[in-house]
Amino acid sequence: METVRVQLAERSYDIVIGKGLLEGAGQRIRQVVPGRQTLLLYDQGVANPWADTLAESLRGAGLDVTEQAVPSGEKTKCSDQLIAIWHVLASQGFTRDCSLVALGGGVAGDLGGFAAASFLRGIAYVQVPTTILAMVDSSVGGKTGINLPQGKNLVGAFWQPRLVIEDLDVLETLDKSERNSGMAEIIKHGIIRDADYFRFLEDHLDGLFSPDGFENLVHTVKRSVEIKAEVVGTDERESGLRRILNFGHTIGHAIEAEASYSALRHGECVGIGMAAASLLTLKRNETWTARDHQRVVRLIERAGLPTRVPGELDAESILARTRIDKKAVSGGVRYVLPTRIGHVQTVADVRDDQVLAVLRELRAD
Ligand SMILES: NC(=O)c1ccc[n+]([C@@H]2O[C@H](COP(=O)([O-])OP(=O)(O)OC[C@H]3O[C@@H](n4cnc5c(N)ncnc54)[C@H](O)[C@@H]3O)[C@@H](O)[C@H]2O)c1
Ligand SMILES: [Zn+2]
């Protein structure tokens, strides 16, 4: 088992990564929550056997568990579901020393986290992520929230968990396409922060999910968690460094919105977005070579992700979407672009014609 400590002063917490951790999760959780009452919120799609194992472990550790399942899918991150959780907590008489444990991907984590942040002005929260994306991305950094009909993640709070338990066994039941989608963030971590890690991925990506690849998978999840933890530890509230995590996401989010959030998975859009950011850099920056670009594109493709813009999407419309990206600041869209593998910078002078040229060049036939 590996432990990564997220350093956030009095809000610091551990992320434990390993195999067979659900069985002993109750004992670990019992040590970090103030009382016995706990709500186990879980994604219906991850019900068996993981939710049962976790519920049993929590009860075995002496916790008084109420179980609440939520439907799978992005639609669950909504105000109705949030209110439903508040009602369960209130009607069961949950008091300030209660806790909420969320088992699932980013949807259950973001929704459960925001319920924990808001009920009684904040109760103890524990995350048990079950997707690659949730393990290396959404469970690190304390962003919680829900979507509104007007847009994604428009309401939320920063609320750090007391503990995150990452049992890699749960990935056995995860769809391959979901797994691949999460790999986009992992590749992103290498590009923005760690050239050795990027090379490690180049060397070990193929067998990562085979039994023989287990040690490499542990290393991968750990290194990605460390990188995200380091970035959010420096910049908890996203005023500076945390923006580098947006690499590949400006164009990625625009494509995701333009494809109306359903046709393409987030990680697929980030794959295309990273390829586009890399090509954009190739056109602007002499330190970024054709070989760097090829390495990036090749690794994304090996992870089973696309690097070309779907032919039916219009370049002008994608460009227009980049301007309304929530993370854009007034005065222009800021792009996170690599200077070399392992290092990025934020630039504000990317011209529209450069973006359009890249989108057109990357158009799938
Ligand atoms: N808080 C943050 O910092 C942050 C960062 C990135 C993304 N997010 C959010 O995360 C969400 C996406 O998360 P996600 O990609 O994990 O999606 P998700 O939670 O919707 O899970 C994807 C699918 O996999 C299923 N599933 C999950 N774990 C499984 C398992 N072990 N076995 C079988 N099926 C399983 C789910 O039922 C679902 O159908 C988005 O809402 C996004 O906004 C948040
Ligand atoms: Zn992302």
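First listed ligand is number 1; within each ligand, the first listed atom is number 1.
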So is there a nitrogen or oxygen of [X] less than 3.5 Å from a nitrogen or oxygen in ligand 1?
{"X": "Asp175", "value": "no"}
{"X": "Glu178", "value": "no"}
{"X": "Trp50", "value": "no"}
{"X": "Val170", "value": "yes"}
{"X": "Leu133", "value": "no"}

Please state which option from [options] has its nearest heavy atom closest to [atom].
{"atom": "atom 33 (C) of ligand 1", "options": "Asp137, Thr76, Thr173", "answer": "Thr173"}
{"atom": "atom 28 (N) of ligand 1", "options": "Val107, Thr130, Leu111", "answer": "Thr130"}
{"atom": "atom 3 (O) of ligand 1", "options": "His266, Lys143, Gln127, Lys75", "answer": "Lys143"}

Protein residue, atom and distance nearest to [atom], heavy-atom basis:
{"atom": "atom 4 (C) of ligand 1", "result": "Ser138 CB, 3.2 Å"}
{"atom": "atom 17 (O) of ligand 1", "result": "Gly106 N, 4.1 Å"}
{"atom": "atom 38 (C) of ligand 1", "result": "Asp43 OD2, 4.2 Å"}
{"atom": "atom 44 (C) of ligand 1", "result": "Asp110 OD2, 3.1 Å"}
{"atom": "atom 26 (N) of ligand 1", "result": "Leu174 CD1, 3.8 Å"}
{"atom": "atom 30 (C) of ligand 1", "result": "Val46 CG1, 3.1 Å"}

Pull out every atom of ligand 1 sitting under 4.0 Å from any heavy atom of [X], numbered as shown with elements.
{"X": "Gly45", "value": "33 (C), 34 (N), 37 (O)"}
{"X": "Thr131", "value": "14 (P), 16 (O), 21 (O), 27 (C), 28 (N)"}
{"X": "Lys228", "value": "3 (O)"}
{"X": "Ser72", "value": "37 (O), 39 (O)"}
{"X": "Lys77", "value": "9 (C), 40 (C), 41 (O), 42 (C), 43 (O)"}

TODO: For the pair Glu185 and Lys228, evaluate salt bridge (Lys or Arg N to Asp or Glu O under 4.0 Å) and give the outcome as yes or no after the intermediate values.
DONE: CA-CA 10 Å; Glu185 310 294 343; Lys228 180 147 189 206; over 6 Å; no
Open item on the list: Testing the basics here: between Ile318 and Glu258, what is the closest heavy-atom pair and its distance to 0.1 Å?
Closed with: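 Shortest heavy-atom separation between Ile318 and Glu258 comes out as CG1-CG, 4.2 Å.
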Does [Y] offer a backbone N or O that forms a donor-acceptor pair with the side chain of [X] under 3.5 Å?
{"X": "Ser260", "Y": "Ala257", "value": "no"}
{"X": "Asp235", "Y": "Leu241", "value": "yes"}
{"X": "Ser224", "Y": "Val221", "value": "no"}
{"X": "His249", "Y": "Phe247", "value": "yes"}
{"X": "Asp167", "Y": "Lys19", "value": "no"}
{"X": "Thr281", "Y": "Leu337", "value": "no"}

Task: Asp352 and Arg323: CA distance, side-chain angles, deciding distance, salt bridge (Lys or Arg N to Asp or Glu O under 4.0 Å) verdict - done: CA-CA 10 Å; Asp352 287 357; Arg323 296 203 196 92; 2.8 Å; yes
Open item on the list: Given the Zn ion (ligand 2) as the apex, I'd like the angle to NE2 of His266 and OE2 of Glu185, rounded to 10 degrees.
Closed with: 100°
Open item on the list: the Zn ion (ligand 2) and Asp137: any N/O/S contact shorter than 2.8 Å?
Closed with: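 For Asp137, the answer is no, given that no N, O or S atom comes within less than 2.8 Å of the Zn ion (ligand 2).
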TODO: Cation-pi check, Arg295 to Phe198: give yes when NZ or CZ is under 6.0 Å from the six-membered ring centre and within 45° of the ring axis, no otherwise.
DONE: no
Select one of side chain, backbone, both or neither to describe which atoms of [X] lie under 4.0 Å from any atom of ligand 1, heavy atoms only.
{"X": "Glu74", "value": "side chain"}
{"X": "Asn153", "value": "side chain"}
{"X": "Val140", "value": "neither"}
{"X": "His249", "value": "neither"}

- [ ] Taking atom types as modelled, find out whether Ser99 and Thr38 have a side-chain donor-acceptor pair closer than 3.5 angstrom.
- [x]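 Yes, Thr38 and Ser99 have a side-chain donor paired with an acceptor closer than 3.5 Å.
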- [ ] Indicate yes or no: at least one non-hydrogen side-chain atom of Asn153 is less than 4.5 angstrom from one of Lys77.
- [x]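 The answer is yes; the side chains approach within 4.5 Å.
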Task: Arg298 and Glu202 ion-paired at < 4.0 Å - done: no
Task: Charged N-O contact under 4.0 Å between Arg223 and Asp196 - done: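 Salt bridge absent between Arg223 and Asp196.
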Open item on the list: Before you tell me yes or no, could you show the steps for Tyr197 and His189 under ring pair (Phe, Tyr, Trp, His ring centres under 6.0 Å), namely the whole-Å CA-CA distance, both residues' side-chain angles and the distance that decides it to 0.1 Å?
Closed with: CA-CA 8 Å; Tyr197 180 40; His189 291 144; 7.4 Å; no
